[in-house]
Amino acid sequence: MVLASPIPTNHQLTTKLIGILLISLPHTLNYKMDYQFKDIEQKWQQFWADHQTFKAEDNSTKPKYYVLDMFPYPSGAGLHVGHPLGYIASDIFARYKRLKGFNVLHPMGYDSFGLPAEQYAIQTGQHPAITTETNIATYRRQLDQIGFSFDWSREVRTSSPDYYKWTQWIFMQLFNSWYNKAIEKAEPISVLVKHFEQHGSGGINAVCDEEVLNFSATEWRAMSHDEQQAELLKYRLTYLRESTVNWCPALGTVLANDEVKDGFSERGGYPVEQKKMMQWSMRITAYAERLLQGLDTIDWPEPLKEMQKNWIGKSTGASVRFPIAAPPKPSPEGRALEVSPTGGDLEGAYIEVFTTRVDTIFGVTFVVLAPEHELVKELTTPEQQGAIDAYITQTKKKSELDRMADTKTVSGAFTGSYVLNPLNGEKIQLWIADYVLAGYGTGAVMAVPSGDQRDYLFAKHFDLPIVPIMDIQKIETEADPTKEGRYINSDFINGLFYTEGTKAVIAKLEEIGAGKAKVNFRMRDAIFGRQRYWGEPVPVYFKDGLPHLIEENELPLVLPEVDKYLPTESGEPPLGRAENWNYNPAPSKSPPVGETSSSHLAGNYRETADPVYYEQLKDFSRDNRNQPTEAENFLWQLLRNEQTGFKIRRQHAIGQYIADFVSLQKGLIIELDGHHHKLNKEADDARTEVLNHLGFKVIRFINDEVLSNPQKVANDIKQKLEVLPDRKKVSPTGGDLEGASEAYAYELSTMPGWAGSSWYWYRYMDAHNDSEFASKKAVEYWKDVDLYIGGSEHATGHLLYSRFWNKFMKDMNLVVEEEPFKKLINQGMIQGRSNFVYRVTTFDANETPSHYYLSKKQWDRYNDPLESAGALFEEWGFPIKSSYATYSAPIHVDVNIVNNDVLDIEKFRNWRGEFANAILILEDGSISSPTGGGREGAYICGVEIEKMSKSKFNVVNPDDLIARYGADTLRMYEMFLGPLEQSKPWNTNGIEGVFKFLRKFWRLFHNDQWVFTVSDAEPSKAELKSLHKIIRKVEEDVERFSFNTSVSSFMIAVNELTDLKCNNKAILQDLVIILSSYAPHICEELWTLLGNEAGALSYASYPKFNGTYLIEDEFAYPISINGKTKMNLSISLSLDAAATEAIVLANADVLRYLDGKSPKKVIVVKGRIVNMVV
RNA sequence: GCUCAGAUGGUGGAACUGGUAGACACGCAGGACUUAAAAUCCUGUUCCCGUAAACGGAGUGCGGGUUCGAUUCCCGCUCUGAGUACCA
């Protein structure tokens, strides 16, 4: 680097030689000694990397400060200007904190498991790991050139086995834990087991499944191992359960709620349906209350907290049981009894509802069940069967989308049954309606039409009674949910007010055992799995249909290779394709014998990817078994009871088929075919192929063969079984394919995207530890994140799950803080700013189209109803027949060929073939055509704010901006754009101003010949004032994350110092330190030019503010009359209010404004204002 | 529908606890330098009337209110953005 040159560049000579070439390269050639951002930035980025300048210390006497960014998913598109916004802010903050004497941890990594890489893999066959690697390289290059002060030695990648080993480990801790409500804390499952062994299930207050067993200690000990495990699974913090999920058939995967938009997948836009599926879930609901309470202890943006509050959705109320009234009496002929679907005994049965207004219970005039409610079938009377069936069918047809859109129509059906009001025994009609959701509360509501608008409409529509319960209720036209007034029509609470009434009702309900106060949460347990390849494998295998953890020392369970990244033919997730994706227990740990036969449990937890279908199959199998064909029956007598030496099952579901007979151990399927086999050959072959794929051999016999000589057939089968090896690949597909081999099938789904990101901030504390997720020492030193910056789109995903895992880890004494992110800032989204050209197409008599592109103003005229298109085209010189139609449309144009909304016409013509010969009607009405013609005027494009996306041609790439202006300019410009939290459109237009600022700053240190020149003279008062103003301003601004205002202040400071012709070393050096967190490269360069040690700038001390330099003797008071400023008057600040007032009132100009009137009142605020009331 | 955030020149925005609205920057207009262009520098730039100018009036989404004084506080409304949804 040449620091200075006494010889000025002969730029005239250069200009003459290179001529016109210079136009495109003004900065680099013309000003040889000017601010050379390219060299400077490369030099210092290299220096920082070489010297590990930003490596955080793990033990330091300095106070710690942890600045974290939400790590990115490395997408193939690379960074656009929106991405680094938050990173720049956090980097400025991190650098500032270093200057303030903190030991700063500022790491970066990648959330590198995710769908796009997998989608790409599906399309191209490219392994997602490779795509991810490539994308990370791009991200790293782009991040590096922005000059972030990341400690790259701590980089993490969620997709790296070193990392996900610990994600899996935490999963195992969750599996091995339960939530003890008695102490509001998670505990090891061993504690629970101990309790069961000693006391049975009594006295346990746990967060668990609804259907847990009640048992004594003796009963517990009498249970088989599998039975115990099945029971424990109902308590574990991560557990399997059948959940309704958003299933996307096209993607072959389950989507999170926020990945579904209006019934379609966010990625790809494929239809999504609701489906029941066995899924891993996380018992986040255990932490609902703590997640809610914790919000009060953290410094997060209010809207974000609000979102989490709403998501958790706590409502305080009561659960009430409405006993079912005696079922309708059978009719004399006894037919009702015969066809009654109830079958069972409804004695003592009840409908449980949750309500937030239990005080309104005497206003209940009907009860509504969700159509999916489990008791609907039993409670429908024969008379109503038709109506109910029709309604359920109609509901099923409605997609989620329809249900959402249709909030006006009232629909429902009467079941014919009644329930009783538990407090007064009144008979109440029981209805079903789809406005009641099965998934919320108990799937039933008590309807109070006088107080709830939805119930009100329902009652009006079906002509049900509406009973007022408050003396001041007004219910003529709509429901009135008031809590004011006294109760009426309400039995023993008549005359009471809301608070006592509610208390009295709850007390009574508890007394008679019909209800109790209850807190309900909207939040559901989080589904923890996706039917995808590119994610963390779940460290679980299945034995006898029950999940078991692998050993801790076997972690990580590395993601296996697969031939394709698609679901298997049988609908299993891609891991179903992996060779030998089975758990082989270590030899020392022989699998317990005698545990393979608990078939009643087997299959409870492993289902096919399509459980609904599987249930049907099981029904078919049962029917088939009960009605065997003659041949089947014959053969079964010879195969049953292991007569062949092997266990044979009949009518057993395998994948999507039912095998007539099967040996799961040998993988042999025996099929009996009737005469129709020939007709069905194609279908049967396909079936054989699929079964082969699942690891089964198929042999077929004709029914006649069996009937004529069953013994021969049995022998054939026996021989076959003896020669076949044990089936290697255990497909977890079937319901009860247990114990077929010593290898146990691993879980096939992988963890969801949020798994890896739910604890990553701890890994940065000790990124290379391979014996712990992070050492205790590191965790105790760094504790938590002091400042977390990221987008609000993660409000109810990542940020909620992270808090959940953190609380769990705290319970397990793995970490020390209850909340992981003390302070959080949401950076606003950077929106795209699209440019448009406006095309108008006319057609001549032969229907041949001609295209014209109208500049903004002409387009506006064209759309003005007062103008006529014919006249306009006449004016432009293209007369058209007005009778012919025209067609017009705005067209996106690449923002990179538009400058300040002026289209670069040459570039436009070259952009795409269709525009090469375009006729442009310019702003002034002149014409630009490829053959020449007036090109004087400009083409002005239209503007619209939209999402930044490739398809809208509005993506601005930071690489281009860095190439043109440098990273320091980009950093400052991104901050200059506006408040960090605010969403705003990206507009490159203002970037020149920031670039000019940096050049001006550079110039302060250089003379006219660009020679580095600073003076050692005493700083002047004015210089010190400028300096100390900026010292304080930046301190204040950074502390309140108002980065845009400090950029302005820097500009003001540099403008002032330029006016003062300041080149004072003391002043400039302090300025370099202050500016260094914003524009680190230029400052490092100037820092060394000033004679300081290279690299020491990052750890210099922030200059100390001295207020005495800012004290003013005088202040130019604004003098206002009735609040309107009229003039300014300089008055000494040493004077008190009365003296100031006297000076003002004596001033000639003031008197002129007063126009002879004397003010009624004079307000003097010292150093602020003088106001006179006239 | 509900919840939250926001609305200031041609544009991005500033005004931090009520005290000179429009800082800073872009753009635009005019000028200097230059054969010319680029770059750089200087001047002006909220709107309206008038005008060379002084000066006058209006003005922070709309309508009210509190106050000596309101972009800032209060009430009502309009619009925009985000989140969420037959949530019992």
Side-chain angles (χ1 to χ4, degrees), chain A residues 11-12 15 19-20 22-27 30-31 34 257-258 301-307 309-311 313 315 317 353-357 368 403-404 406-410 433-437 439-448 452-455 457-458 520-522 792-793 795-796 826 828-829 831 900-901 943 945 973 976-979 981-994 996-997 999 1036-1037 1040 1042 1044-1045 1047-1052 1055 1116-1128 1159-1163 1165 1167-1174:
Chain A
H11 106 256
Q12 290 227 351
T15 314
I20 201 140
L22 264 179
I23 293 165
S24 55
L25 301 164
H27 312 316
N30 232 2
Y31 293 91
D34 197 347
N257 276 336
D258 31 346
E302 222 29 71
L304 192 64
K305 289 191 191 181
E306 197 69 30
M307 259 189 252
K309 264 181 209 160
N310 291 341
W311 190 263
S315 45
V353 305
F354 175 78
T355 175
T356 51
R357 285 296 302 274
V368 190
R403 271 189 170 195
M404 266 193 310
D406 189 12
T407 57
K408 286 176 203 105
T409 326
V410 178
D434 61 9
Y435 79 80
V436 180
L437 303 176
Y440 186 75
T442 58
V445 300
M446 58 177 227
V448 185
D452 182 286
Q453 185 59 19
R454 229 173 22 203
D455 297 343
L457 291 174
F458 196 86
N520 208 36
F521 291 97
R522 192 181 78 104
S792 60
E793 66 272 22
T796 50
N826 283 133
M829 264 214 312
Q831 296 150 312
N900 286 329
D901 300 333
V943 174
I945 307 302
Y973 183 60
F976 185 63
L977 224 44
E981 300 92 330
Q982 226 167 76
S983 286
K984 56 227 152 204
W986 178 267
N987 189 346
T988 310
N989 289 352
I991 200 167
E992 296 273 353
V994 173
K996 276 190 218 164
F997 155 75
R999 295 188 55 197
E1036 285 173 357
D1037 285 353
R1040 68 190 170 105
S1042 173
N1044 57 325
T1045 49
V1047 176
S1048 298
S1049 307
F1050 278 124
M1051 290 173 171
I1052 295 169
N1055 287 346
Y1117 280 93
I1119 310 298
S1120 50
I1121 294 170
N1122 292 337
K1124 286 272 170 206
T1125 307
K1126 295 293 177 188
M1127 56 176 289
N1128 283 334
K1160 270 191 269 180
K1161 193 174 171 190
V1162 180
I1163 295 108
V1165 183
R1168 274 272 154 89
I1169 198 167
V1170 176
N1171 188 22
M1172 284 169 287
V1173 188
V1174 178

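Below, read A as the first sequence line, B as the second, and so on, with proteins coming before strands; counting in each chain starts at 1. Quantities reported herein were computed from a predicted structural model and do not represent experimental measurements.
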Check the distance between [N]'s [atom2] and [X]'s [atom1] and give it to me in whole angstrom.
X        : N      : atom1 : atom2 : value
N1171(A) : U20(B) : CG    : P     : 11 Å
D452(A)  : C87(B) : CG    : P     : 8 Å
Q831(A)  : U80(B) : CD    : C1'   : 11 Å
E302(A)  : C4(B)  : CD    : P     : 10 Å
N987(A)  : G10(B) : CG    : C1'   : 12 Å
K984(A)  : A14(B) : NZ    : P     : 9 Å
F354(A)  : C87(B) : CZ    : P     : 14 Å

Which part of the nucleic acid does [X] contact within heavy-atom distance under 4.0 Å: base, sugar-phosphate only, or nothing?
X        : result
I1052(A) : sugar-phosphate
D1037(A) : nothing
N989(A)  : sugar-phosphate
K309(A)  : nothing
P301(A)  : nothing
N1055(A) : sugar-phosphate

Taking the [atom1] atom in each of [N] and [M], what is the distance between them to the nearest angstrom?
N      : M      : atom1 : value
C16(B) : G6(B)  : P     : 15 Å
G10(B) : C47(B) : C1'   : 12 Å
C24(B) : C74(B) : P     : 31 Å
G18(B) : G69(B) : C1'   : 8 Å
A54(B) : A39(B) : P     : 32 Å
C42(B) : C79(B) : C1'   : 43 Å

Q.
If the glycosidic angle sits within 90 degrees of zero it is syn, else anti. Tell me which applies to G9(B).
A. syn
With respect to the phosphate group of [N], does any side-chain polar atom (N or O) of [X] fall under 4.0 Å of OP1 or OP2?
X       : N      : value
R522(A) : U84(B) : no
Q982(A) : G12(B) : no
N826(A) : A5(B)  : no
R454(A) : C87(B) : yes
N310(A) : C2(B)  : no
K996(A) : C26(B) : yes

Counting side-chain heavy atoms from CB outward, which of [options] is closest to [X]?
X        : options                : answer
F976(A)  : C86(B), U11(B), C24(B) : C24(B)
S1048(A) : A14(B), A23(B), A25(B) : A23(B)
P303(A)  : G19(B), A88(B), C4(B)  : C4(B)
I1163(A) : A25(B), G19(B), G13(B) : G19(B)
E306(A)  : G12(B), U3(B), C16(B)  : U3(B)

(Q) Quick check against the 3.5 Å criterion: does D455(A) have a side-chain atom that pairs as donor or acceptor with the backbone of V448(A)? (A) yes
Q) Toward the 5' end of RNA chain B, which comes first, T442(A) or R1040(A), by nearest nucleotide? A) R1040(A)
Q) According to the interplanar angle, ranging from 0 to 90°, do the rings of F1050(A) and F997(A) count as parallel (below 30°), tilted (30 to 60°) or perpendicular (above 60°)? A) tilted
